[in-house]
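Remarks on the structure that follows.
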2 protein chains.
Amino acid sequence: MEYLTETEANCRAREVLDRVGDKWSMVVLYNLSTGTHRFTELRRAIPGISQRMLTVTLRGLERDGLVSRTVHPVIPPHVDYDLTPLGCTLREIVGALVGWAHQHLDEIDQARTAYDRV
Amino acid sequence: MEYLTETEANCRAREVLDRVGDKWSMVVLYNLSTGTHRFTELRRAIPGISQRMLTVTLRGLERDGLVSRTVHPVIPPHVDYDLTPLGCTLREIVGALVGWAHQHLDEIDQARTAYDRV
DNA sequence: CCTTCATGGTTCCTTCTAGTAACTAAGGCA
DNA sequence: TGCCTTAGTTACTAGAAGGAACCATGAAGG
């Protein structure tokens, strides 16, 4: 792995993590990485997210060019969300993070329990 | 890339992102991925982080077993922070994320500008 | 001898953000 | 008539993030 200079890396890291490092963006991106989803599908798929935060998160991702929003003008409303090509370039990283979580959550839980015992 | 079931993946994703998906954890992990650092080194290396948030973030990462804290009982205080073996397993992913940021920030900025013009 | 500096924090207070609940439009259906 | 649906918005509240000031301890400077 090639390391950037400290200053450069931190500036970059801070900027990107301001965008995708919030509580919900990664989870939304992960869900969209499997294909097109509607608003309510995402809401049901992501336990704990509120309607408002899903809206806010999707708008942010749309603004950053990671997610596209397609409105079908019908009643009741029908809106599709997709990854843009730029969003697709994040797919592997998001997948890796979720995979890491899957592998190591038990260890984290153990560490946490041990820490709290002291 | 192997996908998990939706429910499973989302639960896992949520849990890990509750741990490393906050505003500062990833940046701190990235800085520690280059080796041992002292408290004040980290503070200077990470522009914008407050003393308090650095303390809180490091404690959280220590609690989760990702970072180790070594106190040298001297005056003035000397405390070293390192990645644990568990923390090291995140190194590649964090590096990939920062690398991605480095490559694509310009595109994000363009998308953002375009979105705001409308 | 008194002041100042360095380090790694803590405490208090304010601001900001995330989350909750209620409301909306507009047509379909019983 | 009145309730269902989807994709939001709005107003309010609780909790987290951030800023400024303070602390202990010894060493160094004048």
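Because only heavy atoms are used, hydrogens play no part in the values below, and waters and symmetry mates are left out as well, while side chains stay in. This structure is a prediction, so every number in the text was calculated from the model and none was measured.
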Measure [atom1]/[X] against [atom2]/[N] and give the value in whole Å, please.
{"X": "His72(B)", "N": "dG9(C)", "atom1": "NE2", "atom2": "P", "answer": "12 Å"}
{"X": "Gln51(B)", "N": "dG8(C)", "atom1": "CD", "atom2": "P", "answer": "10 Å"}
{"X": "Glu41(B)", "N": "dG8(C)", "atom1": "CD", "atom2": "P", "answer": "8 Å"}
{"X": "Met53(B)", "N": "dG9(C)", "atom1": "CE", "atom2": "P", "answer": "15 Å"}
{"X": "Glu62(B)", "N": "dG8(C)", "atom1": "CD", "atom2": "P", "answer": "14 Å"}
{"X": "Ile49(A)", "N": "dA7(D)", "atom1": "CD1", "atom2": "C1'", "answer": "14 Å"}
{"X": "Asp80(A)", "N": "dA7(D)", "atom1": "CG", "atom2": "P", "answer": "8 Å"}
{"X": "Leu42(B)", "N": "dT7(C)", "atom1": "CG", "atom2": "P", "answer": "13 Å"}

Whether Arg91(B) side chain and Ser33(B) backbone form a donor-acceptor pair below 3.5 Å: yes
Regarding Arg43(B), tell me which of base, sugar-phosphate or nothing describes its non-hydrogen contacts under 4.0 Å with the strands shown. nothing
Within the structure shown, what part of the strands sits under 4.0 Å from Thr40(B) by heavy-atom distance: base, sugar-phosphate, or nothing? sugar-phosphate
Start at the 5' end of DNA chain C and walk down; is the nucleotide closest to Ile75(B) or to Val56(A) reached first?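 On the 5' side of the pair lies Ile75(B).
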Matching residue for Trp24(B) among Ile46(B), Leu29(B), Leu54(B), Val56(B) - test: side-chain contact (heavy atoms from CB on, under 4.5 Å): Ile46(B)
Considering only dT6(D), dT10(C), dA11(D), which nucleotide approaches the side chain of Arg52(A) most closely? dA11(D)
Measuring from Leu66(A):CG to Leu83(A):CG, what's the distance to the nearest 0.5 Å? 8.0 Å
Only one of Arg69(A), Glu41(A), Glu62(A) forms a side-chain hydrogen bond (donor to acceptor under 3.5 Å, both in side chains) with Tyr81(A), so which one is it?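 Result for side-chain hydrogen bond (donor to acceptor under 3.5 Å, both in side chains) with Tyr81(A): Arg69(A).
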